[in-house]
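Residue numbers start at 1 and run along the sequence shown.
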Amino acid sequence: MRLFSGFLLISVSIFWGCSPSSTDLKTGMWRGVLEIQGQQVPFNFRVTKDSAGGFDVYLKNAREELLLDEVIIKNDSIDFVLHVFDAQLRVAVRGDSLNGFFILNYRDNYRVPFKAAFGQDFRFAPTESTEASTNFSGKYQVLFTNETDTTQAVGLVTQGGSYAEGSFLTTTGDYRFLEGGVFDDTLYLSTFDGNHTYLFKAFKQNDSTLLGEYWSGKSFHQNWVGIRNENASLPDAESLTYLKEGYDKIEFSFPDVNGNKVSLTDEKFKNKVVILQISGTWCPNCMDETKFLSSWYNQNKDRGVEILGLAYERKDNFVYASERVKKMTAKWNVPYDFVIAGVNDKAKASETLPALNQVTAFPTTIFLGKDGKVKHIHTGFEGPGTGIYHQQFIERFNQIVNELLAEDLTSLR
């Protein structure tokens, strides 16, 4: 793998205790940097004053801004609670600089160094040459590899001048909104959505081939190869998760967030089309699907359809799991119900739904007909960061539901 050169990140040297701390957080654009595996993952965020005199923060990744409306001042530090995730940025303010950590509360001692500088609206700092000498725009058939894992993907890159954005689709979901640029002959893309810390670099081996590296979190790293292919594709998302032989229905009895048992035999679901969402509040792709399903359900709930979320959370603890789900549904005004189904381990999740061959992805969407039988299963979710693929998902989703609603219940018995 070629060594990447000419990559400069501008940072500010700021350390705990170097000057009196202040919680006077400046409003406007900031540039943050997370340090992982010897790499720096940059992202931008915007700070505003809220109506109560506190602060709102917006994480920016390409066309998306994610609102952080819990900014908690604690003595000489500030916690930016990362919306529905059990995580935060804990920082000290030093005028135009922030210094602190990205913390995952559900993992012991998970801290990633974080720093930020005020007034910087660029993402990756340019090298001496700010002109992009290479155009990376296009669709790519991608293979990510390391010693233990191989992942197929479709890569999407859109470049205008030295600015670039894109995403990667896989069989289990997408890498959401990636933003960056092209400096000299190298492509840089990154994202931070409150849970994912992703960094991608690549250069062109020839006109049709990209060679790159990918870093995620504190330890995950892969090399990747992308071949330019406007017909790049993945296995059919409706073929990966399916019912085992001898099954035509899914059966379960899970507690809702208040501890009341919920089953598909409940009167609420009788003679209705039911959509089951295998999900988790820790999962950014699930976050995207929940927002889509919430909007869709508000427009379609009177048509004889119900949605039930099956939450698989980070801890095997009902109180913890239910509180995470309650927070998520309240923050986003989710209009449909959730049950606590288990933990986010795929093997353990599969044990809770024995009719399925396996749970391979969070999210997974299961469509039940009016007769209670499973009609379709869609693995993963093509989110808004994937452009046309997201629109195709919505069209297919509506097609399935419309066909199931049109079925005559008497003919199904």
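Remark: the backbone N or O of Glu213 is paired with a side-chain donor or acceptor of Trp224 at under 3.5 angstrom. Although no hydrogens or angles enter the test, the distance criterion places no donor-acceptor pair under 3.5 Å between the side chain of Thr27 and the main chain of Val47. A donor-acceptor pair is defined here as one N or O able to donate and one able to accept, closer than 3.5 Å; such a pair exists between the side chain of Asp50 and the backbone of Ala52. A donor-acceptor distance shorter than 3.5 angstrom exists from the side chain of Gln159 to the backbone of Gly161, with no hydrogens or angles considered. Side-chain N or O atoms of Lys244 include one that pairs as donor or acceptor with a backbone N or O of Pro354 at under 3.5 Å.
Checked against the 6.0 Å centroid criterion, the rings of Phe367 and Phe397 qualify as a close aromatic pair. Under the 6.0 Å cut-off for aromatic ring centres, Phe168 and Phe200 qualify, their centroids lying closer than that. Phe102 has its ring centre no less than 6.0 Å from the ring centre of Phe114.
Shown here are the side chain to side chain contact (heavy atoms under 4.5 Å, CB included) partners of Thr151, two or more places apart in sequence or in another chain: Phe144, Asp149, Thr170, Gln222.
We find the CE-CZ distance between Met287 and Phe381 to be 10.5 Å, quoted to the nearest 0.5 Å. To the nearest 0.5 angstrom, Glu407 atom CD is 7.0 Å from Asp371 atom CG. From Arg107, atom CZ reaches atom CD1 of Ile103 across 13.5 Å, with rounding to the nearest 0.5 Å. Here Thr48 contributes atom OG1 and Asp56 contributes atom CG; the two are 4.5 Å apart, rounded to the nearest 0.5 Å.
Annotation: cation-pi geometry not satisfied between Lys60 and Phe43 (NZ/CZ under 6.0 angstrom from ring centroid, within 45° of ring axis). Within the cation-pi definition used here (under 6.0 Å to the ring centroid, within 45° of the axis), Arg90 does not qualify as a partner of Phe101.
Ion pairing between Asp96 and Lys26 holds under the 4.0 Å rule for side-chain N and carboxylate O. Between Lys272 and Glu306 there is a salt bridge, since a side-chain N of the basic residue sits under 4.0 Å from a carboxylate O of the acidic one. In summary, Asp121 and Arg31 do not engage in a salt bridge, as defined by a charged side-chain N under 4.0 Å from a carboxylate O. In this structure, Glu351 does not pair ionically with Lys348, as no charged nitrogen and carboxylate oxygen lie closer than 4.0 Å. Using a 4.0 Å cut-off between charged side-chain N and carboxylate O, Glu65 and Arg63 make no salt bridge. The pair Lys375-Glu403 fails the salt-bridge criterion, with no side-chain N (NZ, NE, NH1 or NH2) lying under 4.0 Å from an Asp/Glu carboxylate O. Between Arg314 and Asp86 there is no salt bridge, since no side-chain nitrogen of the basic residue lies less than 4.0 Å from a carboxylate oxygen of the acidic one. Look at Asp337 and Lys268 and you find a salt bridge, because one of the NZ, NE, NH1 or NH2 atoms lies within 4.0 Å of a carboxylate O, short of that distance. Salt bridge status for Lys218 with Glu35: absent, with no side-chain N to carboxylate O gap under 4.0 Å.
Ile340 and Val325 make their closest contact through CD1-CG2, 3.8 Å (heavy atoms, listed as atom of the first residue, atom of the second, distance). Shortest non-hydrogen contact noted between Val84 and Arg324 is O-NH2, 2.8 Å. Closest of all the heavy-atom pairs between Phe55 and Leu25 is CE2-O, 3.3 Å. In terms of heavy atoms, Leu187 sits closest to Ala164 at CD1-CB, 3.8 Å. The two residues Pro235 and Gln152 have their closest heavy-atom pair at CD-OE1, 4.3 Å. Residue Ala116 comes nearest to Gly32 through the heavy atom pair CB-CA, 3.9 Å, listed as atom of the first residue, atom of the second, then distance.
Classified by interplanar angle (parallel below 30°, tilted 30° to 60°, perpendicular above 60°), the ring pair Tyr198/Tyr175 is tilted. Ring-plane geometry between Phe220 and Tyr214 is classed as perpendicular, the angle between the planes exceeding 60 degrees on a 0 to 90 degree scale with a lower cut at 30. Ring orientation note: the planes of His83 and Phe85 are tilted relative to one another, at an angle of 30° to 60°. Ring geometry, Phe393 versus Phe292: the interplanar angle exceeds 60°, so the pair is classed perpendicular (tilted spans 30 to 60°).
Under 3.5 Å, the side chains of Arg303 and Asn402 contain a donor-acceptor pair of N or O atoms. Counted by atom type alone, Thr186 and Asp184 present zero donor-acceptor pairs between their side chains at under 3.5 Å. Under 3.5 Å, the side chains of Glu313 and Thr281 contain a donor-acceptor pair of N or O atoms. If you check the side chains of Trp296 and Asn398, you find a donor sitting under 3.5 Å from an acceptor. Between the side chains of Glu289 and Ser279, not a single donor N or O lies within less than 3.5 Å of an accepting N or O. A donor and an acceptor atom, one from each side chain of Gln37 and His221, are nowhere located under 3.5 Å apart. Using modelled atom types and a 3.5 Å distance limit, the side chains of Ser167 and Tyr389 yield no donor-acceptor pair. Checked by atom type, the side-chain pair Asn61/Arg123 shows a donor-acceptor distance below 3.5 Å. In summary, the side chains of Asn206 and Thr209 do present a donor paired with an acceptor at a separation below 3.5 Å, with no hydrogens or angles considered. Between Tyr163 and Glu165, the side chains place a donor N or O and an acceptor N or O closer than 3.5 Å (distance only, hydrogens not considered).
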### Message
Trp282 vs Tyr312, test: ring-ring contact (aromatic ring centres under 6.0 Å, His included). Steps then yes/no.
### Response
CA-CA 9 Å; Trp282 49 271; Tyr312 292 84; 9.5 Å; no
### Query
Can you check side-chain hydrogen bond (donor to acceptor under 3.5 Å, both in side chains) on Thr241 and Thr379, steps first, answer last?
CA-CA 6 Å; Thr241 308; Thr379 303; 2.7 Å; yes
### Task
Any chance you could lay out the side-chain hydrogen bond (donor to acceptor under 3.5 Å, both in side chains) test for Thr191 and Asp193, step after step, and finish with the verdict?
CA-CA 6 Å; Thr191 194; Asp193 53 24; 5.1 Å; no
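Between Asn223 and Asn146, every side-chain heavy-atom pair lies at or beyond the 4.5 Å cut-off. With a 4.5 Å cut-off on side-chain heavy atoms, Leu308 and Val339 count as touching. Counting only heavy atoms from C-beta outward, the side chains of Phe177 and Pro384 approach each other to under 4.5 Å. The shortest side-chain heavy-atom distance between Leu276 and Leu368 falls under the 4.5 Å cut-off. At least one side-chain heavy atom of Leu356 sits under 4.5 Å from a side-chain heavy atom of Leu243. The shortest distance between side-chain heavy atoms of Arg176 and Glu64 falls below 4.5 Å. Proximity of Ser263 to Phe269: side-chain heavy atoms (C-beta onward) are nowhere separated by under 4.5 Å. Inter-residue side-chain proximity for Leu66 and Val57 is flagged as unmet; no heavy-atom pair is nearer than 4.5 Å.
Heavy-atom neighbours of Phe118 CZ from other residues, nucleotides or ligands within 6.0 Å: above the threshold of 12. Around the CG atom of Asp266, the shell of radius 6.0 Å holds more than 12 heavy atoms that belong to other residues, nucleotides or ligands.
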Name every donor-acceptor pair, under 3.5 Å, that has one atom in a side chain of residues 245-261 and the other anywhere in the protein, sequence neighbours excluded.
unit_1 : atom_1 : unit_2 : atom_2 : d
Asp256 : OD1    : Asn258 : N      : 2.9
Asp256 : OD1    : Gly259 : N      : 3.0
Asp256 : OD1    : Asn260 : N      : 2.9

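Identified under the ring-ring contact (aromatic ring centres under 6.0 Å, His included) test for residues 318-349, with sequence neighbours left out: Tyr336-Phe338.
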